[in-house]
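FYI, side chains are in, hydrogens and waters are out, and symmetry mates aren't considered; it's all heavy atoms of this structure. Per chain, numbering begins at 1; letters A, B, ... match sequence-line order.
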2 protein chains.
Amino acid sequence: MSNSKLYKGSLNTIILKLLSENGKMYGYEITQKVKDLTKGELNITEGALYPALHKLEAEGLLDVEIAKVDNRLRKYYKLTESGTKETVSKLQELAEYIKTMQNLVNPKLA
Amino acid sequence: MSNSKLYKGSLNTIILKLLSENGKMYGYEITQKVKDLTKGELNITEGALYPALHKLEAEGLLDVEIAKVDNRLRKYYKLTESGTKETVSKLQELAEYIKTMQNLVNPKLA
DNA sequence: AACCATACTTAAGTATCTTATGCATAAGAA
DNA sequence: TTCTTATGCATAAGATACTTAAGTATGGTT
């Protein structure tokens, strides 16, 4: 996913947030979007992404819709209702994490 | 370490930064300091901390000094020279990670 | 006497990710 | 026209970082 271990644990948050912004996306599209938005700093590997999508679906946070474009398969994912709630919660967790870490690392601001 | 998976991968950064601030610390002290600074939000478990300290020592980033206080053992850790360098690098990574994630999650600022 | 705080250790299990491989279609370069 | 690259998904094996849990030991509190 990246050379920095810090990204461990943030993949689900990224997926959920992107879906909440873009309505529906397919896996490959997500990898490209992330590469784009981060100017190449963050590259999500397929080996991480697809199992993550399957798990989120199994947990009922995502719905799938299969499409065929140019004779190629695409699996579009979108948030379910509970997926939308989870997105809010994950984003709060991220904000909280960032605040906590800045507090630890930059205690002069505390 | 915490209910949020986001902390996965940031333990080493936390240890190194605390040592760079406080000169030398022992394991138990680190857990208490983190609990303090984060008002209880982040609790580092012993099962995570002690192996991490041993590994950082094995990598040459930390030096150990054993002390006996009140008939109890303490192992004080402090940064080596290369540990100090690594701390700088880890803190840069953290800043970079935060920037990237805010970009992904808050793209209006991009 | 029982419990909690201090202090360190380590083993077993889990989760997340990397690395690698595989399948399949299409477009572009050599 | 053959080879590479891009598109698109899937999954198994291994690495890593953590959780959970148990163990050892001292000392203060109820």
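Using a 4.0 Å heavy-atom distance criterion, Ser10(A) is classed as a sugar-phosphate-only contact. Arg72(B) comes within 4.0 angstrom of a base, heavy atoms only. Within 4.0 Å of Glu46(B), counting heavy atoms only, lies at least one base atom of the nucleic acid. Across all strands shown, Gly47(B) has heavy atoms under 4.0 Å from base atoms, whether or not it also approaches the sugar-phosphate. The residue Lys8(A) sits close to a base: some heavy atom pair falls under 4.0 Å. Within the 4.0 angstrom heavy-atom criterion, only backbone atoms of the sugar-phosphate kind lie near Ser2(B); the bases stay farther away. No engagement by Lys68(B) is indicated, since no non-hydrogen atom pair under 4.0 Å with the nucleic acid exists.
Of all nucleotides listed (dC9(D), dT16(C), dT11(D)), dC9(D) comes nearest to the side chain of Arg74(A). When the nucleotides dT7(D), dT10(C), dC18(D) are ranked by their closest atom to the side chain of Ala48(B), dC18(D) comes out on top. Set against dT10(C), dT19(C), dC9(D), the side chain of Thr45(A) has dT19(C) as its closest nucleotide. Closest to the Tyr28(A) side chain, of the nucleotides dA7(C), dG8(D), dC18(D), is dG8(D).
One interatomic measurement links the two molecules: NE2 of His54(B) to C1' of dA11(C), which rounds to 14 Å at whole-angstrom precision.
OP1 or OP2 of dA15(C) has not a single side-chain nitrogen or oxygen of Lys5(B) nearer than 4.0 Å. Taking side-chain N and O atoms only, Asn71(A) has a distance below 4.0 Å to OP1 or OP2 of dA26(C). Dashed line: the shortest gap from a side-chain N or O of Tyr50(B) to OP1 or OP2 of dT9(C) is not under 4.0 Å.
Of the residues near DNA chain C, Asn12(A) and Asp70(A), the one whose nearest nucleotide (by heavy atom distance) lies more toward the 5' end is Asn12(A).
Side-chain contact between Gln92(B) and Glu96(B) is absent, with no heavy-atom pair separated by less than 4.5 Å.
Across all non-hydrogen atoms, the minimal contact from Ile14(B) to Leu42(B) is CD1-CD1, 3.8 Å.
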| request: Begin from the C-alpha positions of Tyr26(A) and Glu65(A) and carry the test side chain to side chain donor-acceptor pair (under 3.5 Å) through to its verdict. | output: CA-CA 9 Å; Tyr26(A) 56 100; Glu65(A) 180 196 324; over 6 Å; no
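Remark: Lys24(B) is positioned above the aromatic ring of Tyr76(B), its terminal NZ or CZ atom under 6.0 angstrom from the ring centre and at most 45 degrees off the axis.
Note that CG of Leu19(A) is 9.0 Å distant from CD of Glu29(A), once rounded to the nearest 0.5 Å.
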